[in-house]
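The structure appears below as structure tokens.
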Amino acid sequence: MSQNSYNQFCPIAKACEVLEPRWTLLIMCEMWSGSSRFNEIRRGVPGMSPTLLSKRLKGMEEQGLINRSENSKTGHIDYKITEIGQELSPIVFALGKWAHRNIDADVTLEKLDAKLLMWNVRRKIDFSKFTSQKKVIQFVFSELPKEKRFFLVNIASRYKY
């Protein structure tokens, strides 16, 4: 058995061996939110090095949580959550709801990661409701010490952040 094993037959211990490595569940959440390319996932888990992300993605693939596929024409690599990975979604989101109700989080502007907030905001906007004309939405966080302005740009129903 590997040194990361609990050496137990307990199903909870076995599940923890798969899900416990730091960042694994955050990567899954980012993928459930629609990210499928390395740099998209990386933007959704700031603070994680590219080397560690690569290692976690390989480990998640070995565990059967995700599949990696390469487009032979473009060379683009996509990561998709497998069926067994999808089974985790309601469990992880229930864990998030539990944490929201029961863990006292000190949410202040000092701890605000505006880049991560904007990365998540862009998912919630349905750009198909906009006309095909270019639209720019500016967000200003005047209380932040730096990086106060952010823009979402919609160009012919394609958005950029």
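Computed over heavy atoms, backbone and side chain alike; hydrogens, waters and symmetry mates excluded.
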- Message: Could you walk me through whether Met31 and Ile41 satisfy the side chain to side chain contact (heavy atoms under 4.5 Å, CB included) test, starting with their C-alpha distance in whole Å, then the side-chain angles of each, then the deciding distance to 0.1 Å, before giving a yes or no?
- Response: CA-CA 7 Å; Met31 292 178 71; Ile41 297 167; 3.9 Å; yes

- Task: Measure across Leu116 and Pro46 and return the closest heavy-atom pair with its distance rounded to 0.1 Å.
- Result: CD1-CD, 3.8 Å

- Message: Restricting to non-hydrogen atoms, name the atom on Ile81 and the atom on Gly85 that form the minimum distance, rounded to 0.1 Å.
- Response: CG2-C, 3.4 Å

- Message: Testing the basics here: between Glu40 and Gly34, what is the closest heavy-atom pair and its distance to 0.1 Å?
- Response: OE1-O, 4.4 Å

- Please say which of Leu65, Ile66, Leu53 ends up in a side-chain contact (heavy atoms from CB on, under 4.5 Å) with Ile27. Leu53

- Could you check if a side-chain atom of Ile77 sits within less than 4.5 angstrom of a side-chain atom of Arg68, using non-hydrogen atoms only? yes

- Message: When you measure from the side chain of Arg43 to the backbone of Ser35, do you find a donor-acceptor pair of N or O atoms at a distance under 3.5 Å?
- Response: no

- Query: Can Met118 be reached from Met48 by stepping across I, L, V, M, F, W or Y side chains whose heavy atoms are under 4.5 Å apart?
  - Reply: no

- Message: Could you measure the distance from the OG atom of Ser69 to the NE2 atom of His76? Nearest 0.5 Å is fine.
- Response: 12.0 Å

- Query: Does the side chain of Tyr79 reach to within under 4.5 Å of the side chain of Glu30, using non-hydrogen atoms?
  - Reply: no

- Query: Do the side chains of Lys115 and Phe150 get nearer than 4.5 Å, heavy atoms only?
  - Reply: yes

- Note on the structure: Rounded to the nearest 0.5 angstrom, the CH2-CZ distance for Trp119 and Arg42 is 11.5 Å

- Query: Can you list the steps and then say if Val18 with Thr24 is a side chain to side chain contact (heavy atoms under 4.5 Å, CB included)?
  - Reply: CA-CA 9 Å; Val18 172; Thr24 300; over 6 Å; no

- Task: Using a 4.5 Å cut-off on heavy atoms from C-beta on, say whether the side chain of Lys14 contacts that of Gln8.
- Result: no

- For Cys16 against Pro21, the heavy-atom pair lying closest together: O-CD, 4.3 Å

- Query: Would you call Leu52 and Trp23 a side-chain contact if the rule is heavy atoms closer than 4.5 Å?
  - Reply: yes

- Query: Glu61 side chain to Leu57 main-chain N or O, any donor-acceptor pair under 3.5 Å?
  - Reply: no

- Task: Evaluate the side-chain proximity of Glu17 to Gln63: yes if any heavy-atom separation is below 4.5 Å, no if none is.
- Result: no

- Message: Hydrophobic clusters here meaning ILVMFWY residues chained together by side-chain heavy-atom distances under 4.5 Å, can you tell me if Ile91 and Leu95 are in one?
- Response: no

- Task: Would you indicate whether the side-chain heavy atoms of Phe38 and Ser54 approach each other to under 4.5 Å?
- Result: yes

- In terms of hydrophobic clusters joined by side-chain contacts under 4.5 Å, are Ile84 and Leu25 together? no

- Message: Are the side chains of Phe139 and Leu117 in contact, using a 4.5 Å heavy-atom criterion?
- Response: no

- Query: Take atom CD in Gln138; do more than 12 heavy atoms of anything else shown fall under 6.0 Å from it?
  - Reply: yes

- Task: Return yes when atom NZ of Lys148 has more than 12 non-hydrogen atoms of other residues, nucleotides or ligands closer than 6.0 Å, and no otherwise.
- Result: yes

- Item | Heavy-atom closest pair, residues Arg56 and Arg22 | NE-O, 2.8 Å

- Message: Set out, in order, the CA-CA distance, both residues' side-chain angles and the distance that settles side chain to side chain contact (heavy atoms under 4.5 Å, CB included) for Ile103 and Trp98, then state yes or no.
- Response: CA-CA 8 Å; Ile103 298 176; Trp98 173 85; 3.6 Å; yes

- Who pairs with Arg37 by salt bridge (Lys or Arg N to Asp or Glu O under 4.0 Å), at least two apart in sequence or on another chain? Asp78

- Message: Checking Gln86 now: which residues fulfil side chain to side chain donor-acceptor pair (under 3.5 Å) with it, not counting sequence neighbours?
- Response: Trp32

